[in-house]
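Single-structure report; data block below.
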Amino acid sequence: MTVVYNLVVIAHLLGLAAVIGGYAAGRPKVSEVMVWGARTQIVTGLILVGMADGIGSLDKNLDMAKIVVKLVIAVAVAGLAEVAHADAKRGKTIAWMADAAGLLAIANVFVAVLWH
């Protein structure tokens with residue numbers, strides 16, 4: 001199960017790269033890459049929590065407060081990215097939404113790494 005868990009971690013990191021890379025490359029617009037990265041982050045994050053909580057052999061200790069904070073930020077990133085991308089497809093660019101989504105994604109990295 002460790003291999004499967006690690007593969008999901010890789011997918012989670014690739015989603016992160018898509019969100020932050022999409023932000024850096026596409027600003028002030030939100031690209032489809034950024035939107036799919038945000039979706040991937042939520043799905044793989046939930047899978048990781050479920051696996052860590054449900055599979056004792058993985059020996060993971062979860063901090064639910066940290067997980068909730070990360071989930072709230074990830075949902076905000078996805079929501080902003082979805083709305084900004086939909087607006088961009090209609091020719092209306094709202095730069096602050098792209099900036100907010102990108103900076104919140106970066107903040108989520110800080111939460112993941114620095115919260116112990």
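Side-chain atoms are counted along with the backbone in the values below, which use heavy atoms only and exclude waters and symmetry mates. Since the structure is predicted, the reported quantities are computational estimates derived from the model, not experimental observations.
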Any sub-3.5 Å donor-acceptor pair from [X]'s side-chain atoms to [Y]'s backbone N or O?
X	Y	result
Gln41	His12	yes
His85	Val30	yes
Asn108	Lys70	yes

Step-by-step side-chain contact (heavy atoms from CB on, under 4.5 Å) determination, Val4 to Met51: CA-CA 9 Å; Val4 174; Met51 289 179 74; 3.8 Å; yes
Taking all non-hydrogen atoms of both residues, which atom of Ala81 and which atom of Ala101 are closest, and how far apart?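 Smallest heavy-atom distance, with atoms named: N-CB, 4.3 Å.
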Closest approach of Met97 to Ala84 (non-hydrogen atoms, all atoms of both residues):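 In terms of heavy atoms, the two residues are closest at CB-CB, 3.7 Å.
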Lys66 atom NZ, neighbour heavy-atom count above 12 within 6.0 Å: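 Yes.
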Is it true that [X] and [Y] fall in one hydrophobic cluster, defined by side-chain heavy atoms closer than 4.5 Å?
X	Y	result
Trp96	Leu104	yes
Leu16	Val113	yes
Val75	Leu46	yes
Val8	Leu13	yes
Val83	Trp36	no

Atom pair [atom1]/[atom2] of [X] and [Y] - distance to nearest 0.5 Å:
X	Y	atom1	atom2	answer
Asn61	Asp53	CG	CG	10.5 Å
Ile73	Leu103	CD1	CG	12.0 Å
Lys29	Lys92	NZ	NZ	14.0 Å
Leu48	Lys60	CG	NZ	9.0 Å

Evaluate side-chain contact (heavy atoms from CB on, under 4.5 Å) for Val35 paired with Val19, printing each intermediate quantity in order. CA-CA 7 Å; Val35 174; Val19 173; over 6 Å; no
Just to verify, what does Asp99 make a salt bridge (charged side-chain N to carboxylate O under 4.0 Å, His left out) with, not counting sequence neighbours?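 Asp99 satisfies salt bridge (charged side-chain N to carboxylate O under 4.0 Å, His left out) with Arg27 only.
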